[in-house]
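As structure tokens, the structure follows; a few thoughts come after it.
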Amino acid sequence: MNFLLIGFMGAGKTTIGRKLAKLLEYSFIDTDTEIEEDQGCSIADIFKYGGEECFRDMETRLLEKLKNVQNSVIATGGGIVLREQNQAMLQKIGKRVFLKVPQTELLQRLKNDRNRPLLNNKNPETVLKNMFAERSLLYEQAECIIETGQQSPKKIASDIIRKLCNED
Ligand code: S3P
């Protein structure tokens with residue numbers, strides 16, 4: 001069984017994913033890191049020199065490869081749900097866990113972010129609001145939805161385990 005953490009940038013997928021993997025004694029995989037290591041450059045540079053579509057193709061190719069992993073927690077990039085073919089693959093790979101963070105909290109966390117290329121423009125607030133409108137329903141299709149706010153990553157990770165255990 002694998003668990004895929006999905007949700008907006010800034011939701012804490014990587015940090016919480018690491019904790020979850022540790023608690024479950026699973027492997028941890030981060031799709032952004034896998035792509036950066038494979039390409040030998042940062043996500044920011046991939047967007048800068050190749051454009052968003054090129055990055056999305058890399059995400060799709062990576063998901064193809066992840067079809068065979070076992071007992072892993074996979075933290076995904078926030079836009080991985082945008083392609084329908086990715087959604088189908090995510091569903092096959094494991095249980096999707098949506099880390100749901102209130103929009104105001106995300107705006108707060110990301111307002112000074114300089115590492116995420118999609119927010120690196122004049123109006124990151126508008127970009128985020130549009131993303132919220134475009135993506136919320138896609139994330140809501142997850143098998144498990146965890147409302148997070150100010151709790152510690154460890155607490156959220158144990159909430160995920162509790163919720164998933166109660167469902168089985
Ligand atoms: C993106 C989110 C980023 C990264 C890329 C695009 C998005 O990952 O994949 O900058 O479209 O939301 P995080 O969600 O880990 O920040």
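Atoms within each ligand, like the ligands themselves, are counted from 1 in listed order.
What sits closest to atom 11 (O) of ligand 1 on the protein, heavy atoms only, is R56 NH2, 2.7 Å. When only non-hydrogen protein atoms are considered, atom 4 (C) of ligand 1 lies nearest to D32 OD2, 3.4 Å.
The closest donor-acceptor contact from the side chain of N121 to the backbone of L118 lies under 3.5 Å. Proximity of a side-chain donor or acceptor of T60 to a complementary backbone N or O of R56 within less than 3.5 Å is detected. Panel note: side chain T76, backbone L5; a donor-acceptor pair is recorded below 3.5 Å.
Between D159 and K155 there is a salt bridge, since at least one side-chain N of the basic residue sits less than 4.0 Å from a carboxylate O of the acidic one.
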Could you give me the CA-CA distance, side-chain angles and deciding distance for V97 and I6, then say whether side chain to side chain contact (heavy atoms under 4.5 Å, CB included) is met? CA-CA 6 Å; V97 179; I6 64 170; over 6 Å; no
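Identified under the ring pair (Phe, Tyr, Trp, His ring centres under 6.0 Å) test for residues 58-81, with sequence neighbours left out: none. Listed by first and then second residue, the ring pair (Phe, Tyr, Trp, His ring centres under 6.0 Å) pairs involving residues 67-104 are F98-Y139 (not counting sequence neighbours).
The closest approach between a heavy atom of E36 and any atom of ligand 1 is not below 4.0 Å. Note on ligand 1: E52 sits outside its first shell, no heavy atom being nearer than 4.0 Å.
If you look at L118 next to ligand 1, the close heavy atoms, those under 4.0 Å, all belong to the side chain. At a heavy-atom cutoff of 4.0 Å, ligand 1 is contacted by the side chain of R116 but not by its backbone. The proximity of M58 to ligand 1, defined as any non-hydrogen pair under 4.0 Å, does not occur for either the backbone or the side chain.
Checked against a 3.5 angstrom limit, the closest N/O atoms of T76 and ligand 1 fall outside it. Distances between N or O atoms of G78 and those of ligand 1 include at least one value under 3.5 Å. Polar contact check, R135 against ligand 1: a nitrogen or oxygen pair lies under 3.5 Å apart.
Atoms of ligand 1 found under 4.0 Å from any heavy atom of K13, numbered from 1 in the order shown, are 13 (P), 14 (O), 15 (O). Taking every heavy atom of M9 and a limit of under 4.0 angstrom, the matching atoms of ligand 1 come to 7 (C), 12 (O), 14 (O), 16 (O).
With rounding to the nearest 0.5 angstrom, the CD1 atom of I145 is 4.5 Å from the CD atom of E140.
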